[in-house]
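Okay, so here's the structure we're looking at.
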Amino acid sequence: MATSADHKFISLTLSLASRGLYTTDPNPRVGCILVNGGSIVGQGWHQKPGGPHAEIMALEEAGEKANGAVCYVSLEPCCHQGKTPPCTDALIKAGVQRVVAAMTDPNPQVAGQGIEQLIQAGVPAVAGISAADAEALNIGFVTRMSLGRPYVRCKLAMSLDGRTALKSGESRWITSAEARQDVQRLRARSSAILTGIGTVLVDDPGLRVRLEELGAYPAEEVRQPLRVVVDTHLSLPEDANVLKSPGSCLIATTRSYDGYSKNLEDKGAEVLCLPQKGRHGGVDMLQLLQELGKREVNEVLLEAGATLAGHMLQQGLIDELVVYMAPKLMGDEAKGLFHLPGLETMDQICSLDIANVRHVGADLRITAHPIYTEKA
């Protein structure tokens, strides 16, 4: 049975793990604390791929005091050889007395086997304390391991009457500077930013993380997300900002590889040809997400217009909505949030589970989850 101390120290491991929010991708964010005699003797968090795991950092800090200590960790210790040796072996060798994990590792290479290995070695081990909080911290990793695709978070900015741009297309700026800075944090935690060709042609975004807006976080440690453009007919201008921003750019299309594809590749982009789907012959978005999953993309930030956002919502491919609502009115001729054709009765509408509402500057930030009968 978990004690109050167990809950206290697990909470601290989650706080440590969050320090790697922008840097551990594609690995999970993990924190670890070693407690001996009621005092913390070692702590660590996974900082970047290829670097030491949280448990190893904590063991190194604790030294001989690790012997007889209780190990608290936000994710079940790994038990397989990857880029680094198994953490279970290191914990057993160090002589820890007990291991408490916030959640089991969804990676099939671990998935409870780490806990079992510790128990078989005579080290009592449990998992499941604050599991929901631990899963939320690594929701992209969990989704990729369970569904084979990334977690999709859709970012939207709108007026109080649900409009995203004037009839002319003008939209800068609907929301406050504080809201736009908050978006940079969403970008920084994401493995990829996804948009459509329509948004590129109208707004010409760079889709990069503006590192100077991340506050005190060490900017040199933050990598730029992969930029993904859905461009069915391959009409991306060769001078588009998405081709100039730092980091990699992937263009998903249904057009066969040709000379124009070569031109885009010469600009540093990768052109990915995918099958068509639907009567309009657009890119198969589920297959694109599955391809991103194979590339170890954990979290996707969807920053797109009403057409692509609406299509993905109707396909059940959006896991979370983050809507910044400004205290402004733009009128009924302005552009709407989603293009959702075919809704004629109330039983066809998309319902949402609102998880959180808070102020960001003058705006409201609404976090909600679409309610699907089945999830792709």
In this structure, CD of Glu296 is separated from OG of Ser191 (nearest 0.5 Å) by 10.0 Å
Rounding to 0.5 Å, atoms SG (Cys87) and CD1 (Ile92) come to a distance of 11.0 Å
Step through the shown structure and confirm whether more than 12 heavy atoms of other residues, nucleotides or ligands are within 6.0 Å of NZ on Lys328. yes
If every non-hydrogen atom of Leu286 is compared with every non-hydrogen atom of Leu317, which pair is closest and at what distance? N-CD1, 3.7 Å
Between Arg255 and Leu234, which heavy-atom pair has the shortest distance, and what is it? NH1-O, 3.4 Å
Check whether Asp353 reaches the backbone of His369 with its side chain - one donor and one acceptor, N or O, closer than 3.5 Å. no
Name every donor-acceptor pair, under 3.5 Å, that has one atom in a side chain of residues 354-368 and the other anywhere in the protein, sequence neighbours excluded.
| residue | atom | partner | partner atom | Å |
| --- | --- | --- | --- | --- |
| Asp363 | OD2 | Ser176 | N | 2.8 |
| Asp363 | OD2 | Ser176 | OG | 2.8 |
| Arg365 | NH1 | Asp182 | OD2 | 2.5 |

Residue pair Thr175 / Val183, side-chain heavy-atom distance below 4.5 Å: no
N/O donor-acceptor pairs under 3.5 Å from side chains in residues 54-74, not counting sequence neighbours:
| residue | atom | partner | partner atom | Å |
| --- | --- | --- | --- | --- |
| Glu61 | OE2 | Gln43 | N | 3.4 |
| Tyr72 | OH | Asp6 | OD1 | 2.7 |
| Ser74 | OG | Gly31 | N | 3.0 |

Residue set satisfying side chain to side chain contact (heavy atoms under 4.5 Å, CB included) with Lys267, at least two apart, ordered chain then number -> Glu238, Leu243
Tell me whether Val300 is reachable from Val242 by hopping between hydrophobic residues (I, L, V, M, F, W, Y) whose side-chain heavy atoms are closer than 4.5 Å. no
Going by heavy atoms in the side chains, are Arg153 and Val322 under 4.5 Å from each other? yes
Can you name the side chain to side chain donor-acceptor pair (under 3.5 Å) partners of Ser159, sequence neighbours left out? Asp161
Hey, does Val228 have a side-chain heavy atom less than 4.5 Å from the side chain of Val297? no
If I compare all heavy atoms of Cys154 with all of Ile318, which pair ends up nearest, and what's the gap? CB-CG2, 3.9 Å
Is any NZ, NE, NH1 or NH2 atom of the basic residue among Arg149 and Asp319 found under 4.0 Å from an Asp or Glu carboxylate oxygen of the other? yes
If we ignore hydrogens and angles and just use 3.5 Å, is the side chain of Ser15 paired with the main-chain N or O of Leu12 as donor and acceptor? no
Nearest heavy-atom approach of Asp231 to Leu236 is OD2-N, 2.9 Å
More than 12 heavy atoms of other residues, nucleotides or ligands under 6.0 Å from CG of Asp332: is that the case? no
Joint cluster assignment, Val323 & Leu301, ILVMFWY side-chain distance < 4.5 Å: no
Indicate every side-chain donor-acceptor pair of residues 110-130 with a distance under 3.5 Å to a residue at least two apart or in another chain.
| residue | atom | partner | partner atom | Å |
| --- | --- | --- | --- | --- |
| Gln113 | NE2 | Pro108 | O | 3.3 |
| Gln113 | NE2 | Val110 | O | 3.1 |
| Glu116 | OE2 | Gln120 | NE2 | 2.6 |
| Gln117 | OE1 | Thr88 | OG1 | 2.5 |

Would you give the length of the straight line joining atom NZ of Lys155 to atom OG of Ser190, rounded to the nearest 0.5 angstrom? 11.0 Å
Is there a side-chain contact between Leu194 and Met312 (heavy atoms, below 4.5 Å)? yes
Test item: Ser146 and Pro106 side chains (from C-beta on) under 4.5 Å apart, heavy atoms: no
Applying side chain to side chain donor-acceptor pair (under 3.5 Å) to Arg187 and not counting sequence neighbours gives Glu303
Output yes when a side-chain donor or acceptor of Glu76 lies under 3.5 Å from a complementary backbone atom of Thr104, and no otherwise. no
Less than 4.5 Å apart, side chain to side chain, heavy atoms only: is that true for Ile40 and Phe9? yes
Can you tell me which residue pairs pass the salt bridge (Lys or Arg N to Asp or Glu O under 4.0 Å) test with a partner in residues 23-44, sequence neighbours excluded? Asp25-Arg223, Arg29-Glu299
ILVMFWY network linking Leu321 to Leu289, side-chain heavy atoms under 4.5 angstrom: yes
How would you list, by chain and number, every residue that makes a side chain to side chain donor-acceptor pair (under 3.5 Å) with Asp89, sequence neighbours excluded? none
Non-hydrogen side-chain atoms of Pro246 and Arg208 separated by less than 4.5 Å: yes
Is there a donor-acceptor contact under 3.5 Å from the side chain of Arg163 to the main chain of Met330? no
Look at the side chain of Asn107 and the backbone N and O of Gln109, then say whether any donor-acceptor pair between them is shorter than 3.5 Å. yes
Same cluster (ILVMFWY, side-chain, under 4.5 Å), Leu34 and Val99: yes
Start with the C-alpha distance between Leu302 and Leu308, add both sets of side-chain angles, then the distance that settles side-chain contact (heavy atoms from CB on, under 4.5 Å), and finish with yes or no. CA-CA 9 Å; Leu302 175 62; Leu308 181 56; 4.2 Å; yes
Donor-acceptor under 3.5 Å (Ser245 side chain, Gly206 main chain): yes
Checking one residue: Phe141. Which other hydrophobic residues are in its cluster under the side-chain 4.5 Å linking rule? Met145
Identify the heavy atoms of Thr253 and Thr232 that sit nearest to each other, and give their distance. OG1-O, 2.7 Å
Test of understanding: with ring pair (Phe, Tyr, Trp, His ring centres under 6.0 Å), list the residues that count as partners of His311, not counting sequence neighbours. none
Do the side chain of Gln224 and the main chain of Val209 share a donor and acceptor less than 3.5 angstrom apart? yes
In terms of heavy-atom contacts, Cys249 and Leu226 come closest through N-CD1, 4.1 Å
Which distance, rounded to the nearest 0.5 Å, do you find between the NE2 of His46 and the OG1 of Thr24? 6.0 Å
Do Val100 and Met103 share a hydrophobic cluster (ILVMFWY, side-chain heavy atoms under 4.5 Å, transitive)? no
Lys93 atom NZ, neighbour heavy-atom count above 12 within 6.0 Å: no
Within the 4.5 Å heavy-atom criterion, are Asn298 and Pro150 side-chain neighbours or not? no
Evaluate the side-chain contact (heavy atoms from CB on, under 4.5 Å) criterion for residues Leu156 and Phe338: first the C-alpha distance (whole Å), next the side-chain angles of each, then the deciding distance (0.1 Å), finally the verdict. CA-CA 10 Å; Leu156 299 155; Phe338 290 98; 3.5 Å; yes
Is there a side-chain contact (heavy atoms from CB on, under 4.5 Å) between Leu16 and Cys32? Walk through the geometry before answering. CA-CA 7 Å; Leu16 280 173; Cys32 179; over 6 Å; no
How would you list all residue pairs meeting salt bridge (Lys or Arg N to Asp or Glu O under 4.0 Å) that involve residues 66-75, not counting sequence neighbours? none
For Arg180 and Tyr324, what are the C-alpha separation, side-chain angles and deciding distance, and is it a side-chain contact (heavy atoms from CB on, under 4.5 Å)? CA-CA 9 Å; Arg180 298 196 297 274; Tyr324 297 90; over 6 Å; no
CG of Asp284 to CD of Glu291, rounded to nearest 0.5 Å, is 12.0 Å
Report the distance from atom CG of Leu264 to atom CD1 of Ile251, rounding to the nearest 0.5 Å. 4.5 Å
Across all chains, not counting sequence neighbours, the side chain to side chain donor-acceptor pair (under 3.5 Å) partners of Glu265 are Tyr257
